[in-house]
Chemist: 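Sharing a structure with you now.
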Amino acid sequence: MKEPRHITSRSSPLVKDLRRLAQEPGAYRKLGLVWLEGDHLCRAFLARGGRPRQAVVGASAWLQPSARELALKAEEISVLDDSLLPEVSSLESPAPIGFLIDGPAKGQAPLAGVATVVLDRLQDPGNVGTILRSAAALGVKQVLTMKGSAGLWSPKVLRAGMGAHFALHLVEGVIVSELDSLGVTLIATSSHAAQALHELTLPAPCAWVFGHEGQGVAEPLMQRCGLTVRIPQPGGEESLNVAAATAICLYESARQGLSAAA
């Protein structure tokens, strides 16, 4: 069995790094590490073949067989005094275990010819994480974000994503011209579009584009979209939450694909 390192001081370099990762949305970019807090995210990471760099477990949890078994999946193990857990947590009730994993590789390129979601300056981490969950569930292969979007690997997006990150190819900071390399039709939603979502035969694969919660898709990006569609809203509301709109559109793409394959 791996020999764990026991940490009791809040001035420990590990505690300082974890504190930053838990509290600063962009710290993962600076440190090159991602903090997966809690049993669910850790197991989701392992289920996709991930190998954690380090397990961080509370002293009391280390005495429990289930937590110990999970911690032993990591290359290194650090056991924190229970009093330090709130220091390294972004949760109201700190999780007793987490993994440190390598951050996203720099310079990743978008994949061509696959079902894609493009997020243009979405800033609410709950929306972004929920969109990742819908994308993973409905057969999307990658999610791309434009500059100004919430960090995909920030603590709140990770929590909202519930492990969907590990099923997707994720690229941040994409510029508009890079989208030309996707080789698929870009589709945006618009309340002014002539055709409703259910009236169209959607191209497959395609790239769905969703914009800022208040401003929508930026005009330069909208001009690159080969198709705009309207989501019918018989209830008369002015607009849908962007995460809800995404789920509707991705479901329709998946539904049409399943019907074509039947």
Side-chain angles (χ1 to χ4, degrees), residues 1-106 123-130 132-133 136 145 149-168 170 172:
M1 186 180 73
K2 302 178 181 70
E3 285 297 323
R5 178 173 51 147
H6 292 267
I7 297 175
T8 60
S9 171
R10 65 193 307 268
S11 62
S12 159
L14 174 63
V15 172
K16 290 180 178 179
D17 284 349
L18 292 176
R19 186 186 299 120
R20 288 188 65 189
L21 291 167
Q23 296 175 2
E24 300 175 23
Y28 68 92
R29 297 190 182 111
K30 301 170 185 174
L31 298 177
L33 296 168
V34 170
W35 174 222
L36 304 181
E37 189 179 355
D39 182 276
H40 180 87
L41 281 178
C42 291
R43 293 189 184 279
F45 178 70
L46 293 173
R48 291 285 177 175
R51 183 164 178 78
R53 174 182 289 198
Q54 187 170 173
V56 180
V57 58
S60 296
W62 177 243
L63 302 177
Q64 304 300 317
S66 59
R68 184 181 290 242
E69 180 184 7
L70 188 58
L72 288 170
K73 303 292 185 182
E75 297 175 9
E76 299 179 24
I77 302 170
S78 291
V79 177
L80 263 62
D81 190 274
D82 287 343
S83 66
L84 295 176
L85 292 177
E87 296 270 341
V88 303
S89 178
S90 60
L91 303 173
E92 189 172 326
S93 298
I97 190 169
F99 284 162
L100 263 181
I101 66 171
D102 291 324
K106 294 181 179 179
Q123 296 180 347
D124 182 273
N127 281 337
V128 173
T130 300
L132 294 184
R133 289 184 70 185
T145 65
S149 301
L152 290 179
W153 298 92
S154 62
K156 290 182 179 180
V157 175
L158 278 166
R159 287 203 301 274
M162 294 290 287
H165 288 70
F166 315 124
L168 297 162
L170 303 174
E172 297 185 301

Chemist: Flag the pair Leu100 / Leu18 as yes when at least one side-chain heavy-atom distance between them is below 4.5 Å, and no otherwise.
Modeler: yes
Chemist: I'd like to know if the side chain of Glu37 and the backbone of Ser90 have a donor-acceptor N/O pair within less than 3.5 Å.
Modeler: yes
Chemist: Using a 4.5 Å cut-off on heavy atoms from C-beta on, say whether the side chain of Lys156 contacts that of Pro25.
Modeler: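 In short, these two side chains do not touch, never coming nearer than 4.5 Å.
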Chemist: Do Leu46 and Leu70 touch side chain to side chain, with heavy atoms closer than 4.5 Å?
Modeler: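 Leu46 vs Leu70: side chains touch.
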Chemist: Mind telling me whether His165 and Trp153 have parallel, tilted or perpendicular rings, with 30° and 60° as the class edges?
Modeler: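 Answer is tilted, since the angle falls between 30° and 60°.
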Chemist: Is the backbone of Arg10 close enough, under 3.5 Å, to the side chain of Arg19 for a donor and an acceptor to pair up by distance?
Modeler: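 The answer is yes, because a donor-acceptor pair under 3.5 Å joins these two groups.
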Chemist: Treating Arg68 as the side-chain partner and Trp62 as the backbone partner, does any N or O pair qualify as donor plus acceptor under 3.5 Å?
Modeler: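 A pair under 3.5 Å: yes.
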Chemist: Decide yes or no for Tyr28 and Leu158: does some side-chain heavy atom of the first lie under 4.5 Å from some side-chain heavy atom of the second?
Modeler: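 No, their side chains stay 4.5 Å or more apart.
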Chemist: Looking at every heavy atom in both Gly126 and Ala160, which two are closest together, and how far apart are they?
Modeler: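 Closest approach of Gly126 to Ala160, heavy atoms only: O-CB, 4.0 Å.
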Chemist: Would you check if Pro96 and Gln64 make a side-chain contact, meaning some heavy-atom pair closer than 4.5 Å?
Modeler: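 No, too far: nothing below the 4.5 Å cut-off.
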Chemist: Can a donor-acceptor pair be found, under 3.5 Å and without considering hydrogens, that links the side chain of Glu172 to the backbone of Leu152?
Modeler: yes
Chemist: Can you find a heavy atom in the side chain of Gln54 that is under 4.5 Å from one in the side chain of Ser78?
Modeler: yes
